[in-house]
Amino acid sequence: MTIPRQLPNAITIVRILCAPVFVWMLLADAGADGGLRWAAAVLFIVAIATDGIDGHLARKYDIVSDLGKLLDPIADKVLTGAAFVGLSILAELPWWITILVLVREVGITVHRLIVASDHVVAAAWMGKLKTVAQGVALSLALLPLWEVVGDGIHVVNAVVMSIAVILTVASGLDYVVTEVRGRRRAARA
């Protein structure tokens with residue numbers, strides 16, 4: 001079976017385009033626990049799940065591209081960043097968490113764009129783990145599960161979000177260390 005070479009990148013672009021729709025759905029009724037909140041959470045979950053799909057297709061059919069390596073992490077950051085900001089606007093997540101995450105994400109994205117003409121920096125395993133942790137934490141925070149299982153879910157959300165924030169910081173430090181070591185090796189060569 002063959003697939004169009006552009007399919008993985010098209011899936012990534014759709015993930016980016018889902019972000020504003022998701023934000024509108026989340027904020028349209030001030031984050032109330034009704035249908036729009038559930039729909040926003042489901043859209044987020046489906047969109048973030050495509051991260052694994054586009055990467056799998058690109059590797060399976062050997063159609064990994066530099067554009068895909070660049071766009072994929074940007075798509076993740078746009079979608080998760082939108083969720084962090086939306087939850088903070090709704091006062092369901094402290095702004096300091098959102099700011100910390102966004103500083104890390106924007107800083108690394110800007111660096112990737114600056115060095116793109118020199119080399120493409122693909123996501124490392126820790127960055128991928130961070131994205132999964134953020135996706136799970138944000139999904140739990142977005143779904144109004146307290147309506148179904150009770151307020152105890154807030155403790156679970158806090159623990160999972162803490163893990164995601166720790167991985168966000170750790171993967172950012174890992175990225176910086178890896179880039180510095182790579183530059184030193186290149187300078188010696």
Side-chain angles (χ1 to χ4, degrees), residues 1-28 31 35-90 93 98-99 101-143 164 167-168 171-172 174-175 178-179:
M1 176 181 154
T2 60
I3 63 168
R5 293 193 58 76
Q6 301 83 6
L7 183 60
N9 291 343
I11 292 170
T12 301
I13 291 168
V14 168
R15 189 161 65 251
I16 294 170
L17 296 175
C18 283
V21 176
F22 155 73
V23 170
W24 176 83
M25 292 170 78
L26 180 64
L27 301 178
L36 276 176
R37 175 66 179 248
W38 283 97
V42 169
L43 177 59
F44 175 84
I45 292 166
V46 169
I48 202 70
T50 66
D51 180 37
I53 295 168
D54 59 6
H56 171 74
L57 290 173
R59 286 185 299 277
K60 180 176 180 178
Y61 294 101
D62 195 28
I63 50 177
V64 174
S65 68
D66 284 347
L67 178 63
K69 289 179 189 175
L70 189 64
L71 279 182
D72 186 65
I74 290 172
D76 297 337
K77 288 167 180 42
V78 167
L79 189 59
T80 58
F84 278 109
V85 169
L87 288 167
S88 290
I89 288 171
L90 296 173
L93 186 67
T98 298
I99 291 167
V101 169
L102 291 180
V103 164
R104 183 264 188 219
E105 303 295 13
V106 170
I108 289 183
T109 300
V110 167
H111 180 264
R112 275 193 168 112
L113 294 172
I114 289 170
V115 301
S117 63
D118 183 38
H119 66 283
V120 174
V121 182
W125 70 270
M126 190 178 272
K128 291 177 183 182
L129 181 62
K130 176 265 313 175
T131 301
V132 170
Q134 285 181 356
V136 171
L138 290 167
S139 297
L140 283 172
L142 290 165
L143 287 166
L167 284 171
T168 299
S171 66
D174 178 64
Y175 177 91
T178 300
E179 280 297 297

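The model shown is predicted, which means the values in this text are computed figures rather than measured ones. Heavy atoms only: backbone and side chains are in, while hydrogens, waters and symmetry mates are out.
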To the nearest 0.5 Å, atom CD1 of I11 lies from atom CG of L71 at 13.0 Å
Can a donor-acceptor pair be found, under 3.5 Å and without considering hydrogens, that links the side chain of R37 to the backbone of L142? yes
Here the gap from I108 atom CD1 to K77 atom NZ, rounded to the nearest 0.5 Å, amounts to 6.5 Å
Interatomic distance, OG1@T168 vs CE@M126, rounded to 0.5 Å, equals 11.0 Å
**Q134 side chain reached by F84 side chain, heavy atoms, under 4.5 Å** = yes
In terms of heavy-atom contacts, L36 and A28 come closest through CD1-CB, 3.7 Å
**Asked** Under a 4.5 Å cut-off applied to non-hydrogen side-chain atoms, are L87 and T98 in contact?
**Response** no
**OP:** Find out whether C18 and L43 are in side-chain contact, i.e. whether some heavy atom of one side chain is under 4.5 Å from a heavy atom of the other.
**Re:** yes
d(D174 CG, W125 CH2) to nearest 0.5 Å is 7.0 Å
Inset, instruction - Mind telling me whether Y175 and H111 have parallel, tilted or perpendicular rings, with 30° and 60° as the class edges? - result: perpendicular
F44 and A83 have their tightest heavy-atom pair at CE1-CB, 3.8 Å
dist L79:CG -> T12:OG1 (nearest 0.5 Å) comes out at 11.5 Å
Discussion item. Taking the side chain as everything from C-beta on, heavy atoms only, tell me whether I45 gets closer than 4.5 Å to L143.
Written reply: yes
* Asked: Is there a donor in the side chain of R15 and an acceptor in the side chain of T50, or the other way round, less than 3.5 Å apart?
  -> yes
For A19 and V78 the tightest heavy-atom approach is CB-CG1, 3.6 Å
Any side-chain heavy atom of V85 within less than 4.5 Å of one from L102? yes
Rounding to 0.5 Å, atoms CG (D51) and CG (D72) come to a distance of 4.5 Å
